[in-house]
Amino acid sequence: MLMNALRETDPEIYDAIIREVNRIEHGVELIPSENFVSRAVMQAMSSVFTNKYSEGYPGKRYYGGQENVDDVELLAINRAKELFGAEHVNVQPYSGSPANHAVYMALLELGDKFMGMDLSCGGHLTHGSPVNFSGLHYKLVPYFVDKETEMLDMDVVRKIAETEKPKMIISSLTAYPRKLPFKEFCDIAKDVDAYSVADISHIAGLIVGGVHESPCEYTDVTTTTTHKSLRGPRGAIIMSKIEDQYHDLYHKDTKKNLAQLIDSAVFPGLQGGPHDHVIAAKAVAFKEAMKPEFKDYSKQIVKNAKVMADELMSLGIKLVTNGTDNHLMLIDLRPSGLGGKGKQLQNALDKAGITVNKNSVPYDDASPFNPSGLRLGTPAVTSRGMKESEMQHIAQSIAVVIKNYKDESKLKEIKAEISELVSAYPIYPGLSVLG
Ligand code: DSN
C-alpha cells in the first residue's frame, strides 16, 4: 500500500501511521476486541466510495449516481445473510453503539424495561449503563454472574425475567470468558413475551467458524460489530427476522414488519449517509470469512486462548471462571494482592510490548479507572499465525511482568524477547518501509 501522497501532504500524520505500524509489528496485541484486517479490507476502506452520499437503501436513495453503491451494499447484505443464515441484514450502522441504539429505537418506547448483563459482570455500555443512552432512556433490569462460579445461572435469569416482564432481553458479552446459551435466552424471552436480542460483536468470528453456537436461528434481532473476531473494518450490522412472529402487540400501529422497523430506525431514525467505503470493506471481510481458512482461524483462536489460559493458571494467576471457552480471558489480580492495580499492570505490560486492557472483574470493589482485572484475548495474535507454543511464551512473559511490574529493566528485557518472538510473524510485510 503506497502512501507517497500522504507523506508529502501531511508528514505528521504519515509519521504517526508508520510509528503505529512499528508498534503493532514489534508488540503483542491481546486486546480481545481488536484484530488485523487484510490489505484487501484496508484498500476497500481507502477507496473512492469515501466520497459518496447515498441516504436510503439500494434502489431507494435520495441522491443520484448510486449504481455502484447499490451493487456494493447488495453484495454486503447478501454475503452477510449467507454467512450468518440471517433473513434480513442492515449493513449501514456506523459501529456497535449506533447499531444497538437503532435496535432500542425499533423495539422499545422510551422508558421501557429491558434486561441486559451488568457491565461489571462482562456486559456492555450500551446494555443499560447509567451513563449511556441505554440506561438514560430505558430502564435496565440487570442480570449478574453467580458470585461463586462467576458464570451465568440461567435459572436466575429466568426468574428475573418472569418477575420483571421486560420488553427485551439482550444476551451479549465483552468480558465474559464463557459461551452464551443463546437458545435458552431466546426461550426465556419467548416465554415472557419479550424481544430476544443478541449482540455477538466479540464472538461473530467464532460463530462463523462454527466454534460457538449462533443465535441467528432463534433471536428476533442480532447485532454485531465487524471489526473484532470477524476481522473486518470498523463498523456494525444488524440481522433480524423479517416478520415479528411473537410481539405484534408492541407495534401494531406502525404496520411495519421487524425488518422495516430496524431499517427505518437506522435511517432516517438515527443515521444519515451510510459510510459506503466501510460497507465495501465489510463486503470484502464477509467474502474472506466464507473461506474454509477462516474456520481454521476461528478454531485456532479458541485453542490459543485455552493454552494461554492454562499456562497463566499453571503460573499461579487467577482467571475469572478459572478458564475460558471463547477467545478471551479475564485475569483477577486480587488473589495476587494486586486488587485495584489494573492500570499499573496495563502500563507495565505496555512497556514490555504486550497490549491488554484493564477491566473490572465481577463484584470488583475497585474503581473502573483502576480496576482489579486485565482482559486479554487471542484473535489478533492468531491472525499473525501464532500457535500454542507462542501462547505459552506470551503467558510466561505476562506472569513475569505481573511479578515485576515496578522493575523497569525487567520490563525492557521482556520487551526485547517479545520483539524477537513476533519478528517471525509480520502483519503487513513491507508497510513500514514503503514510501
Ligand atoms: N470497546 C469494545 C470492547 O473492547 O469490548 C466493546 O464495544
Side-chain angles (χ1 to χ4, degrees), residues 24 27-37 93-104 116-135 140 142 145 170-180 197-207 212 215 221-239 270-271 275 278 282 285 301-302 305 319-321 324-331 342-343 345-346 349-350 354-362 364 368-369 371 373-383:
I24 59 173
V28 156
E29 179 54 70
L30 292 179
I31 293 177
S33 47
E34 292 187 20
N35 211 332
F36 301 123
V37 299
Y94 300 145
S95 203
S97 298
N100 288 343
H101 200 164
V103 172
Y104 285 69
M117 175 135 77
D118 180 72
L119 186 58
S120 72
C121 288
H124 187 248
L125 201 64
T126 58
H127 302 156
S129 162
V131 293
N132 181 258
F133 79 86
S134 53
L140 171 72
V145 294
I170 304 184
S171 49
S172 80
L173 62 87
T174 68
Y176 182 64
R178 297 291 172 178
K179 293 202 164 140
L180 285 176
V197 175
D199 175 347
I200 59 168
S201 293
H202 264 257
I203 53 174
L206 307 190
I207 287 170
H212 194 296
V221 181
T222 301
T223 63
T224 183
T225 47
T226 44
H227 49 272
K228 298 188 175 88
S229 56
L230 195 52
R231 210 164 55 187
R234 297 302 289 232
I237 61 174
I238 303 174
M239 300 172 269
L270 187 67
Q271 296 190 168
H275 295 174
V278 181
K282 287 175 190 173
I301 291 176
V302 175
L319 295 186
V320 170
T321 77
T324 178
D325 287 333
N326 56 26
H327 63 302
L328 72 81
M329 288 141 267
L330 191 56
I331 294 177
K343 189 171 158 194
L345 269 294
Q346 176 190 297
L349 284 160
D350 260 343
I354 300 171
T355 312
V356 304
N357 70 274
K358 61 183 159 64
N359 211 97
S360 296
V361 293
D364 200 341
F369 297 105
L374 294 172
R375 189 181 66 149
L376 33 149
T378 51
V381 285
T382 308
S383 286

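What you see is a predicted model; the values in this text were computed from it and never measured. For ligands, and for the atoms within them, numbers begin at 1 and follow the listed sequence. Only this structure's heavy atoms are used, side chains among them; waters, hydrogens and symmetry mates stay out.
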With a 4.5 Å limit on heavy-atom distance, are the side chains of L30 and T355 in contact? no
Counting from 1 in the order shown, the ligand 1 atoms closer than 4.0 Å to a non-hydrogen atom of H124 are 6 (C), 7 (O)
Is it the side chain, the backbone, both or neither of E34 that has a heavy atom closer than 4.0 Å to ligand 1? neither
Pull out every atom of ligand 1 sitting under 4.0 Å from any heavy atom of T174, numbered as shown with elements. 5 (O)
Out of all atoms in ligand 1, which are within 4.0 Å of some heavy atom of H202? Include the element for each. 3 (C), 5 (O)
Please write down residue, atom name and distance for the protein heavy atom closest to atom 2 (C) of ligand 1. K228 CE, 3.9 Å
Any donor-acceptor N/O pair, N35 side chain to K228 backbone, under 3.5 Å: yes
Taking atom 5 (O) of ligand 1 as the reference point, report whether a protein heavy atom occurs under 4.0 Å from it. yes
Give a yes or no answer on whether the side chain of T324 reaches the backbone of N326 with a donor-acceptor pair at less than 3.5 Å. yes
Other residues, nucleotides, ligands: >12 heavy atoms within 6.0 Å of K179 NZ: yes
When you check the gap from the basic side-chain N to the acidic O, do R178 and D325 get nearer than 4.0 Å? yes
Indicate yes or no: does an N/O atom of S33 lie under 3.5 Å from an N/O atom of ligand 1? yes
Aromatic plane relationship, F133 with Y104 - under 30° parallel, 30 to 60° tilted, over 60° perpendicular: perpendicular
Ligand-residue contact atoms, ligand 1 with R375, heavy atoms, under 4.0 Å: 3 (C), 4 (O), 5 (O)
